[in-house]
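As a basis for the values below, the full set of heavy atoms in this structure was taken, side chains included, without hydrogen atoms, waters or symmetry mates. Not measured: the values here are computed from a predicted model.
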Amino acid sequence: MATVFDNAEAILAAVGHKLGSSEWVTITQERVNLFADATDDHQWIHVDPVRAKDGPFGACIAHGYLTLSLVSRFLPQIVDVRMKMGVNYGCEKVRFPNAVKVGARVRGSGELIAAEKTRDGGVQATIRVTVEIEGESRPGCVADTISRYYFDVRPAQERVIPDATVKTS
């Protein structure tokens with residue numbers, strides 16, 4: 001069950017707290033192959049099960065960026081921000097500590113590691129999403145995601161923005 005935030009103050013107060021985990025997802029060879037087609041990355045370690053069996057991991061592995069892309073699937077299961085509008089602002093830091101083998105199950109777990117009000121009336125939250133691999137001690141990916149949430153989307157000239165001068169025509 002997702003952690004629910006109804007306002008900016010609730011997000012700011014939750015810094016340092018764990019937010020929960022998503023559902024498990026099985027990494028299939030079909031998913032890896034589709035990602036290879038989408039990105040033109042057909043390295044044998046991802047798409048050739050026969051050759052990969054004798055490779056360094058004993059099986060095909062998911063692309064690191066495939067593992068990272070699942071974060072966008074996991075985030076809405078981890079956190080439910082009841083806002084007017086949200087924007088994916090990017091990632092601060094991304095690491096791939098472990099290979100994710102085809103057939104493995106992964107899930108995302110989240111922790112709110114930073115939050116601050118923005119000059120335009122929103123709140124910027126940094127959520128560390130750890131992509132856990134079932135049965136493994138090291139995760140497949142750790143990404144510090146940055147999102148901006150807006151609870152009020154009126155035009156700027158109608159909002160009060162602390163420490164900023166808003167010019168209107």
Side-chain angles (χ1 to χ4, degrees), residues 1-41 46 60-154 156 159 161:
M1 176 177 238
T3 300
V4 176
F5 294 111
D6 290 319
N7 56 60
E9 291 72 27
I11 294 172
L12 294 168
V15 172
H17 289 90
K18 302 237 184 255
L19 302 173
S21 299
S22 71
E23 298 291 325
W24 290 99
V25 173
T26 301
I27 301 300
T28 64
Q29 187 64 57
E30 178 184 21
R31 183 185 296 262
V32 171
N33 291 346
L34 287 169
F35 191 85
D37 289 342
T39 60
D40 289 330
D41 181 353
H46 304 302
C60 284
I61 61 169
H63 304 74
Y65 286 118
L66 167 56
T67 306
L68 174 62
S69 72
L70 291 172
V71 168
S72 65
R73 175 187 176 139
F74 298 147
L75 268 171
Q77 296 178 30
I78 295 168
V79 63
D80 177 6
V81 182
R82 302 202 173 147
M83 75 255 160
K84 300 284 186 192
M85 181 182 76
V87 178
N88 176 2
Y89 198 68
C91 292
E92 188 69 37
K93 185 175 180 183
V94 176
R95 295 153 329 278
F96 303 105
N98 198 359
V100 177
K101 293 180 184 177
V102 167
R105 290 187 352 136
V106 297
R107 72 175 179 184
S109 63
E111 178 184 0
L112 182 63
I113 61 171
E116 62 186 358
K117 288 189 176 184
T118 61
R119 288 184 38 188
D120 61 357
V123 63
Q124 180 169 296
T126 304
I127 298 174
R128 176 167 292 149
V129 179
T130 301
V131 179
E132 302 170 351
I133 307 168
E134 190 174 47
E136 296 280 336
S137 60
R138 291 183 306 138
C141 178
V142 181
D144 293 350
T145 65
I146 304 170
S147 300
R148 286 195 172 180
Y149 302 114
Y150 297 90
F151 296 89
D152 181 2
V153 291
R154 291 176 290 148
R159 283 186 265 137
I161 302 173

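- Here K93 contributes atom NZ and T126 contributes atom OG1; the two are 13.0 Å apart, rounded to the nearest 0.5 Å.
- With sequence neighbours left out, N33 forms a side-chain hydrogen bond (donor to acceptor under 3.5 Å, both in side chains) with Q29.
- Between the side chain of S22 and the backbone N or O of G108, at least one donor-acceptor pair lies under 3.5 Å.
- Atom CG of L75 sits about 11.5 Å away from atom CG of L70, to the nearest 0.5 Å.
- Looking at heavy atoms from C-beta onward, I11 lies in side-chain contact with F151 at the 4.5 angstrom threshold.
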All N/O donor-acceptor pairs, side-chain side in residues 96-105, below 3.5 Å, sequence neighbours left out:
residue	atom	partner	partner atom	Å
N98	OD1	R138	NH2	3.4
N98	ND2	E136	OE1	3.3
N98	ND2	R138	O	3.1
K101	NZ	F57	O	3.2
R105	NE	E134	OE1	2.8
R105	NH2	E134	OE2	3.1

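- Applying the salt bridge (charged side-chain N to carboxylate O under 4.0 Å, His left out) test to D80 and every residue at least two apart in sequence or in another chain returns R82.
- Within a 6.0 Å radius of CD in E9, more than 12 heavy atoms belonging to other residues, nucleotides or ligands are found.
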Under the side chain to side chain contact (heavy atoms under 4.5 Å, CB included) criterion, do R107 and W24 qualify, and how do the steps go? CA-CA 5 Å; R107 72 175 179 184; W24 290 99; 3.4 Å; yes
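- The side-chain hydrogen bond (donor to acceptor under 3.5 Å, both in side chains) search around E23 returns none, not counting sequence neighbours.
- Formation of a donor-acceptor pair under 3.5 Å by the T145 side chain with backbone atoms of I127 is found in this model.
- With rounding to the nearest 0.5 Å, the separation of CG in L112 from OG1 in T3 is 9.5 Å.
- Here the CZ atom belonging to R128 is positioned 6.5 Å from the CD atom belonging to E111, to the nearest 0.5 angstrom.
- When only modelled atom types and interatomic distance are considered, E132 and S109 share a side-chain donor-acceptor pair under 3.5 Å.
- Among residues two or more places apart in sequence or in another chain, the side-chain hydrogen bond (donor to acceptor under 3.5 Å, both in side chains) test is passed with D41 by none.
- Among all heavy-atom pairs drawn from P76 and S72, the shortest one is CD-O, 3.2 Å.
- Within the model, atoms OG1 of T67 and CD1 of I27 stand 6.0 Å from one another, a figure rounded to the nearest 0.5 Å.
- Counting heavy atoms from C-beta on, the side chains of I61 and H46 come closer than 4.5 Å.
- What you find for F35 and S69 is that their closest heavy atoms are CE1-OG, 4.2 Å.
- With rounding to the nearest 0.5 angstrom, the CD atom of E116 is 9.0 Å from the CG atom of L12.
- Between V94 and C141, the closest heavy-atom pair is CG1-SG, 4.2 Å.
- Taking the ring-ring contact (aromatic ring centres under 6.0 Å, His included) definition, one finds that Y149 meets it with nothing, sequence neighbours left out.
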